[in-house]
Amino acid sequence: MPSTAPLTPPSAPGLEARSESSPAGSDPERALLRHLVDAVSDPLLFTGPEGKILMANARARELLVASEGASEGRRRAVELNQQLFHTALVSAATGGASPVRRRDLSLLDPMEGTDLLFELDCTPVQEPGSPPGRVCVLRNVTDLGRATRALGESYRRLRASEQEARSERLRLDLVLDSVADPIILTDPSGGTVLMNDPAERLFAASHDSGEATRRRAHTNDAHLSSFLSHLLSPGGMRRWRGELTLVEPSTGAPLPMEAVATQVLSDQGEPTSIVTLLHDRTEAREKARLLEQLTTASNELEAKVHTATAELAEQNEKLRRQALQLEQASAAKSQFLANMSHEFRTPLNAILGYTSMLLQGVNGEMTPQQKRNLGRIDSNGRHLLQVINEILDITRIEAGRMPLNETDFMLPELIQEVMAEMDPIIARTKLAVSTSLEPELPELHSDRQKVKQIVLNLLSNALKFTHEGSVQVIAAYELATSTVTISVKDTGIGIAPEHQEKIFEDFQQVDSSPTRAYGGTGLGLSICRRLAAMMGGRVTVQSGLSQGSNFTLHLPRRMRRP
Ligand code: ADP
């Protein structure tokens, strides 16, 4: 058994050992007491009024008194322990007489070098005739401290996982409630564990809802249970998909549902729950019905289009045949007209020839009356000849039998000739007729006869439809486009915009009434436009009612066959 030893460490400040002047044997009771105190495994100390250690049991000495020959490390540990112990005492109770209860004190184990935690418990004692002191007990709570810390850590972890589980559950609830389709979680015996709002509306009518609503929800629940029986029965399926016909609890409207139930297994493969997902097929069925209707309508439409296309093809064929017949008829007509015109012209020329001879007095002098009558025959004959010539031209052009004779010629000479030919007619008017020719007009390569015919026609129209004012023939050349323009500009009756295109068609006149004031066939401009086109040119008009007209022939300097 260890014996108490005097506390006389050379380097421990405040330590003072009670003298061992009287050995243990001299006071058997005291020796027994020392043995008893040494046998206590916790450190026991007796301190003086200043906190000096006066007595210590074996364990206290291990911690607070360095034995002779102790290593340097242990000696240092003991010194540190002394200081810590002293500080704890001083800071706990200065004056020495007050008790110190349960104060934590950390010391170093000088043998092991590990940290030790003690609970310091000091009780003041006062023996008669002795100075006051304190009995201090240091209870080793190192393991208790560790255990407390471990417990605290476990508790903290528990709280954290509890928190985590709660948030997980919240998240799950949010997810479930944000899904529009009903979701039900049941335990392996079929008891409902969880359902989202849409599922609740179907299967769990609240108490305040009507009797009918509750009954329908109950019926829905029964349907669901019978659906789940496929998974609940021993050796049942792990996953089951099928159709469920439920009803809307509040209205009783049928709800065709597609349902999928899946068993959730534990790590050991044991069923822990069943998740059932329902999906309302009403919309899908409606879409399918509409699609079917649409397909039927589309097929019908396709059939109609097919029939219509066939009819159209038949019509087209008919039209094509008719067009061919018309073309042939038109060609025959043109041929007929060409022949007839020729047949007309020959006798008419003879009539005009003989009339001219008679007018010149070849068969003797005639009375003025006879002359007037013959003059009428002559002018009507000439008019008829002009009509016949125009018809002949049109038919020739249409039949593609109008020949083109290309030559090089100068425009001023041509215009001179036109003016000369029209001179008798000009003379009968009171109009100021003039020409304006650009000095640098180039030589033209085209059909001179046809150019002349067009200018004659335009000028004769201008003279016909102008009662006062002027008629001007203007020729110019546009270098950039190599185009010659011959314009016939008058101050006559003009043409309204709505008639300006029509007058270029065959037999079209602005005034086509039987009482019209101006003669003519309505063929002149049509011929002009066609002849111009044959030479790569065109005829345009600028006019307005009562604002005069300006007809222009545009011709490429060198003729271009279309
Ligand atoms: P026609 O002169 O034989 O009737 P045209 O084809 O030459 O046939 O002319 C067609 C119509 O265009 C004329 O009837 C007339 O109404 C109109 N027209 C032609 N030139 C002029 C013009 N210079 N001023 C007014 N109207 C005109």
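When a ligand or atom number is given, it counts from 1 through the structure's own listing order. FYI, the numbering just counts along the sequence from 1.
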For this session: Go through ligand 1 atom by atom and flag the ones less than 4.0 Å from a non-hydrogen atom of Phe551.
Result: 20 (N), 21 (C), 22 (C), 23 (N)

Problem set entry | salt_bridge(Glu243, Arg285) N-O dist < 4.0 Å | yes

For this session: Between Leu525 and ligand 1, find which residue part has any heavy-atom pair under 4.0 Å and reply side chain, backbone, both or neither.
Result: both

Exercise. Which pair of non-hydrogen atoms, one from Phe409 and one from Asp447, has the smallest distance, and what is that distance?
Worked result: CE2-C, 4.3 Å

Exercise. Is the closest basic N to carboxylate O distance between Asp197 and Arg201 below 4.0 Å?
Worked result: no

Problem set entry | Part of His499 within contact of ligand 1 (heavy atoms, under 4.0 Å) | neither

Exercise. At a 4.0 Å threshold, what atoms of ligand 1 neighbour a non-hydrogen atom of Ala462?
Worked result: 23 (N)

Exercise. At a non-hydrogen distance cut-off of under 4.0 Å, which region of Asp490 contacts ligand 1 (side chain, backbone, both, or neither)?
Worked result: side chain

Exercise. Out of Asn550, Asn461, Leu458, Leu463, who gets a non-hydrogen atom closest to atom 7 (O) of ligand 1?
Worked result: Asn461

Exercise. Do Glu248 and Ser250 have a side chain donor and acceptor closer than 3.5 Å?
Worked result: yes

Exercise. Under 4.0 Å from any heavy atom of Gly524, which atoms of ligand 1 are there?
Worked result: 5 (P), 6 (O), 7 (O), 8 (O)

For this session: Please report the shortest heavy-atom distance between Leu359 and Lys371, naming the atom on each side.
Result: CD2-O, 3.8 Å

For this session: Please indicate whether any nitrogen or oxygen in Phe465 is less than 3.5 Å from any nitrogen or oxygen in ligand 1.
Result: no

Exercise. Are the side chains of Arg557 and His445 in touch, meaning some heavy atoms are under 4.5 Å apart?
Worked result: no

Exercise. Looking at Glu162 and Arg166, does any basic side-chain N land under 4.0 Å from a carboxylate oxygen?
Worked result: yes

Exercise. Can you list the atoms of ligand 1 that are under 4.0 Å from a heavy atom of Ile495?
Worked result: 25 (C), 26 (N), 27 (C)

For this session: Pull out every atom of ligand 1 sitting under 4.0 Å from any heavy atom of Asn457, numbered as shown with elements.
Result: 7 (O)

